[in-house]
Each structure stands twice: as structure tokens, then as C-alpha cells.
Enquirer: 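Please find one structure pasted underneath; my questions will follow.
When a residue number appears, it is its place in the shown sequence, counting from 1.
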Amino acid sequence: MAENKSILKVLAGETVAPPPIWMMRQAGRYLPEYRETRAQAGDFLSLCYNSELATEVTLQPIRRYGFDAAILFADILLIPEALGQKLWFVTGEGPRLEPIGLRKDYEALKNGDEVHDHLAPIYRTVGNLSTQLPEETTLIGFAGAPWTVATYMIAGRGTPDQGPAHDLKTKDVALFKAIIDRVTWATIEYLNRQIEAGAEVVKIFDSWAGSLSAEDFDNYCVDPIRKIIAGVKAEHPDTPVIAFPRGAGERYRGFHAATGADCVALDDGVSPEWAAEHVQPDGCVQGNLKSSHMVTGGQTLIDETRRIVEAFSHGPHIFNLGHGITPDADPANVQLMIDTVRGG
Ligand SMILES: Cc1c2[nH]c(c1CCC(=O)O)Cc1[nH]c(c(CCC(=O)O)c1C)Cc1[nH]c(c(CCC(=O)O)c1C)Cc1[nH]c(c(C)c1CCC(=O)O)C2
């Protein structure tokens, strides 16, 4: 029964001990079974659009570790592709898109409500998962936040400082805002369909929020996320939303209230003690453990895991990493982290 799922309890504001646990990028290259299925699919994007195989890789970490949540296997860059932008992945390097730099590129994009045919396989994956997951496991859908997605749409690739997006914001703010608005609209559409297909929680990833300063943070991180949450809650008032403004630092404070998020995901740039004092009083928090502990393991992993569990033990908390697990992680360290959280 949905009411017995620990993640849903915590997202409703309950304190649960030990805290429920899942991991960003839990279906990924550190798992041999993922590498095998990915090879079968051919490449990363083919895996995302193959509902059977995407279902399989989503289930793999649940079978291996019994996490409390499964996150849909897909990617934040499927939205630009659904809007009509060309997307491909270069193995070992990352995503490539045909960059949007001119008004005519923007005008060629589809409307926010014209993405569904392209995204139909993703909705099928969500539907498969909602019938195949163990009953105690919560299904999380997701999308990228408009700023982070726009940084890839404008640069055509990942960039260390999101320079091309910052440049467009300075040179042609009207075009920049139009891109943000188009992604915001498409994202509301996309998340609502994921929920209708069976997602019980949705998460919004703003991986590059940290490079927005002063009012840009309010205008292009907080405001689009607030609009997306309002658009989701208008259709699905009971579906909890997790927001991840990575690199927000001090600006994690007040983020629940500013956006309407039920849970705020923390990177490893803030201490758990600071976040317990300044962020958790406003609602559930998630995350914070450095991903590198999944590579290095040992007593430090145990100590840091215990420190986070203890710091957040007085309020709603979902145990997670501060960012995605990396391909060089040791699957045994993931088990050690879980045993530490669950066993004390
Ligand atoms: C920025 C971003 C992307 N994608 C995502 C973000 C936001 C979160 C973050 O900051 O990490 C989100 C994402 N990407 C993926 C998921 C699936 C669910 C999960 O297990 O967390 C999620 C939630 C699969 C993936 N997305 C990607 C992989 C690796 C692809 C492979 O198998 O080769 C996976 C499992 C590829 C990807 N996708 C993206 C990049 C930059 C890359 C290349 C970098 C890399 O290789 O890790 C865009």
C-alpha cells in the first residue's frame, strides 16, 4: 500500500528511522549488469528509448540493494530532443546537441505540449515500472530544470562554467528567457504525464544552479522551478516534488518556501549540521554524502554516513549522495553505505 512506503511518509513530513535510501545514478556504469544491458541496447539513447531495457536497468539496483526508491531510467536531455533539437552522446565524453544561438533556432522548436509522441516510450517505461516494482518501493520520475537544460541547449554540450548560456543571457535576454519558458512549459507537460503513467514522486535536477548569481538565481533557478511545481501541483496536488539546486550554498536556505518543493536535495557543498539547522526545519532534505566515498570506502565512508544520519535524525530525511555515483565506484561500498544507514 502506498501509505506504507517510507519515502512517501518522509515526504509528507514524518521523521523515519532509519531514513529511507536511494542513490542518484543508481542505475549506471558502476554496475556490471547495467554495462551488459547497455551493450545489448547499443548506445545510451537507444537504452533510454527502449522501454523494456530501460525498465530492466531501473530494476537492477532495486534487486541488488533493495533501495527504497527506483528512479526512472532516462535523461534530462530528452526534453530538448522532444522539442526538435538534435541530440547524440559521444561515448566517454558526454552529450552533444546542435546549439541554439539564434532566434530562428528557437522558432524551429516545437511547443511545450507537442513533446508527447516523442516521449511515449518514456511513459511506457514508467507504466512498466509501476506494475513491476516491489510494493514497498517508490517510483520517482524526473526532469531537468530549465536553466540546466538550457545550458546544454545553448552550448550544444556540457561546459565547465556554462559560459555560452551566460553569454546569451547578456546579449539577448529576450531569446534566453523564451528558451527558459519553452523548457518550463514542456517540463510541466512531461512531469504530469509521468505522474499519470505511475510516477509517485518527481524530482527536478538543476545541476548547474550554482553558476547563477544574485537575481539570476531567483529569475532562472527559483522562478522556473516554482512554476513547474505549481504546474504539477495544479494537476496532481498530492504528488511530492524534490528539487535539486546543486551548488546553491547559502541559498539552500528558504528554497522549500520559495519554490513549493516538498523536499530539497543537498549536494556535498554544505555541512549536514548547517543544513539540519537552516534547511530541514522548512521540510524534508535528501542527499549530502560525497559520491567519492563510493570509490574510496572504508571507515571514512562509515563515519561520514553516520554523521549525516545523525545530523538529520530530528526531521524528515531521505539518505542519498550529494551527486550521482560515478562509474569507478565499487558496488561493495554501496552495500557498506546501506548497511551503515540501516544497521547503525
Ligand atoms: C546534467 C544531467 C544529465 N543527465 C542528468 C543530469 C542531472 C543530474 C546530474 O547532474 O548528474 C540526469 C540523469 N541521467 C541519468 C539519470 C537516470 C536515473 C538515475 O539512475 O539517476 C538521471 C536522473 C542517466 C544517465 N545519463 C548519462 C549516463 C551515462 C551514460 C552511459 O551509460 O554511457 C547515465 C546512466 C549520460 C549523461 N547525461 C547527462 C550528461 C552530462 C551525461 C554524460 C556524463 C556521464 O557520462 O555521466 C546530462
Side-chain angles (χ1 to χ4, degrees), residues 1-24 26 58 61-72 129-130 133-142 195 198-204 229 233 236-244 252 255-257 259-268 270-290 293-294 301-322 325 334-344:
M1 284 235 309
E3 294 70 29
N4 293 328
K5 297 188 179 191
S6 57
I7 290 214
L8 296 180
K9 286 188 192 168
V10 169
L11 286 167
E14 273 185 52
T15 303
V16 172
I21 177 167
W22 69 280
M23 230 176 30
M24 281 186 266
Q26 62 189 20
T58 306
I62 307 305
R63 283 190 208 116
R64 188 189 265 256
Y65 298 115
F67 284 118
D68 295 291
I71 183 159
L72 163 70
L129 286 165
S130 70
L133 277 169
E135 66 177 63
E136 66 278 11
T137 315
T138 301
L139 177 56
I140 305 178
F142 75 92
I195 294 165
E200 300 169 283
V201 174
V202 292
K203 178 167 175 183
I204 303 167
I229 294 175
K233 299 269 182 186
H236 304 287
D238 300 328
T239 302
V241 181
I242 305 172
F244 181 36
Y252 270 119
F255 203 82
H256 289 90
T259 57
D262 301 276
C263 177
V264 170
L266 305 164
D267 58 74
D268 58 29
V270 292
S271 80
E273 294 78 16
W274 178 87
E277 189 181 340
H278 297 294
V279 188
Q280 199 183 23
D282 293 345
C284 183
V285 292
Q286 173 187 275
N288 196 236
L289 185 70
K290 271 195 182 62
H293 290 302
M294 297 303 108
L301 159 58
I302 295 172
D303 292 346
E304 288 301 305
T305 299
R306 287 193 179 137
R307 175 181 168 195
I308 289 170
V309 171
E310 167 57 29
F312 294 128
S313 62
H314 307 292
H317 170 220
I318 299 169
F319 195 91
N320 204 314
L321 305 178
I325 187 167
V334 175
Q335 191 62 57
L336 179 60
M337 169 185 75
I338 294 169
D339 292 345
T340 305
V341 173
R342 291 189 175 154

Enquirer: Between atom CD1 of I140 and atom CD1 of I7, what is the distance when rounded to the nearest 0.5 Å?
Expert: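 Going from the CD1 atom of I140 to the CD1 atom of I7 covers 5.0 Å.
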
Enquirer: For the atom pair CG (L139) and CG (L133), what is the distance rounded to the nearest 0.5 Å?
Expert: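 Answer for the CG-CG pair, L139 versus L133, is 5.5 Å.
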
Enquirer: For a quick test of reading the model, state the closest non-hydrogen atom pair linking V341 to P18 and the distance between them.
Expert: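 Shortest heavy-atom separation between V341 and P18 comes out as O-CB, 3.3 Å.
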
Enquirer: Once you round to the nearest 0.5 Å, how far does NZ of K290 lie from CG of L321?
Expert: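 The CG atom of L321 is 12.0 Å from NZ of K290, to the nearest 0.5 Å.
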
Enquirer: Quick check: closest heavy atoms across A311 and P272, and the distance to 0.1 Å?
Expert: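 Looking at all heavy atoms of both residues, the shortest contact is CB-CB, 3.7 Å.
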
Enquirer: Taking 4.0 angstrom as the limit, do E310 and R307 come out as a salt bridge?
Expert: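 No salt bridge links E310 with R307.
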
Enquirer: Please tell me if the side chains of Q26 and I325 come closer than 4.5 Å, counting only heavy atoms from C-beta onward.
Expert: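 Not touching, per the 4.5 Å side-chain cut-off.
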
Enquirer: Without placing hydrogens or testing angles, list every side-chain donor-acceptor pair under 3.5 Å for residues 62-72, not counting sequence neighbours.
Expert:
| residue | atom | partner | partner atom | Å |
| --- | --- | --- | --- | --- |
| R63 | NH1 | E56 | OE1 | 3.4 |
| R63 | NH1 | E56 | OE2 | 3.1 |
| R63 | NH2 | E56 | OE1 | 2.9 |
| R64 | NE | E33 | OE2 | 2.8 |
| R64 | NH2 | E33 | OE1 | 2.9 |
| Y65 | OH | P331 | O | 2.9 |
| D68 | OD2 | I21 | N | 2.8 |
| D68 | OD2 | R342 | NH2 | 3.1 |

Enquirer: Measuring from H293:NE2 to T340:OG1, what's the distance to the nearest 0.5 Å?
Expert: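 Here the interatomic distance stands at 11.5 Å.
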
Enquirer: Output every pair passing side-chain hydrogen bond (donor to acceptor under 3.5 Å, both in side chains) with a member in residues 279-288, not counting sequence neighbours, ordered by first then second residue.
Expert: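 As it turns out, the side-chain hydrogen bond (donor to acceptor under 3.5 Å, both in side chains) pairs with a partner in residues 279-288, which skip direct neighbours, are W22-Q286.
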
Enquirer: If you compare all heavy atoms of T259 against all heavy atoms of I229, which two are closest, and at what distance to 0.1 Å?
Expert: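 Shortest heavy-atom separation between T259 and I229 comes out as O-CD1, 3.4 Å.
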
Enquirer: List the steps, then state whether side chain to side chain contact (heavy atoms under 4.5 Å, CB included) holds for L289 with E304.
Expert: CA-CA 7 Å; L289 185 70; E304 288 301 305; 3.8 Å; yes

Enquirer: Would you say the side-chain atoms of K5 pair up with the backbone N or O of E136, donor to acceptor, closer than 3.5 Å?
Expert: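 Looks like no, no N/O pair under 3.5 Å.
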
Enquirer: Tell me every residue that passes side chain to side chain donor-acceptor pair (under 3.5 Å) with H256, counting only those two or more places apart in sequence or in another chain.
Expert: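 Here no residue qualifies.
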
Enquirer: Spell out, as yes or no, whether a donor-acceptor pair under 3.5 Å connects the side chain of K203 to the backbone of V241.
Expert: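 Side chain of K203 to backbone of V241: no pair is present.
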
Enquirer: Could you tell me the separation between the CD atom of Q335 and the CE atom of M337, rounded to the nearest 0.5 Å?
Expert: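 Between atom CD of Q335 and atom CE of M337 there are 9.0 Å.
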
Enquirer: For the atom pair CG (L11) and CG (D262), what is the distance rounded to the nearest 0.5 Å?
Expert: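 CG of D262 is found 6.5 Å from CG of L11.
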
Enquirer: Testing the basics here: between A261 and A243, what is the closest heavy-atom pair and its distance to 0.1 Å?
Expert: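 Minimum heavy-atom contact is CB-CB, 3.9 Å.
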
Enquirer: Treating D267 as the side-chain partner and G322 as the backbone partner, does any N or O pair qualify as donor plus acceptor under 3.5 Å?
Expert: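 Side chain of D267 to backbone of G322, a donor-acceptor pair under 3.5 Å: no, none is there.
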
Enquirer: With side chain to side chain contact (heavy atoms under 4.5 Å, CB included) as the criterion, how do L266 and F312 come out once you've worked through the C-alpha distance, each side chain's angles and the decisive distance to 0.1 Å?
Expert: CA-CA 12 Å; L266 305 164; F312 294 128; 3.6 Å; yes

Enquirer: Could you go step by step and tell me if N4 and E135 meet the side chain to side chain contact (heavy atoms under 4.5 Å, CB included) rule?
Expert: CA-CA 9 Å; N4 293 328; E135 66 177 63; 6.0 Å; no

Enquirer: Are N320 and M24 packed together at the side-chain level, in the sense that at least one heavy-atom pair is separated by less than 4.5 angstrom?
Expert: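 They are in contact (side-chain heavy atoms under 4.5 Å apart), so the answer is yes.
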
Enquirer: List the atom of V309, the atom of P19, and the distance in Å for their closest heavy-atom pair.
Expert: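 That would be CG1-CD, 4.2 Å.
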
Enquirer: Can you name the closest pair of heavy atoms from V285 and C263 and give their distance?
Expert: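 Smallest heavy-atom distance, with atoms named: C-SG, 3.9 Å.
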
Enquirer: Hey, does T305 have a side-chain heavy atom less than 4.5 Å from the side chain of L336?
Expert: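 With C-beta onward as the side chain, the pair stays apart.
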
Enquirer: Near K233 NZ, under 6.0 Å, is it more than 12 heavy atoms from other residues, nucleotides or ligands?
Expert: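 Result for NZ/K233: enclosed.
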
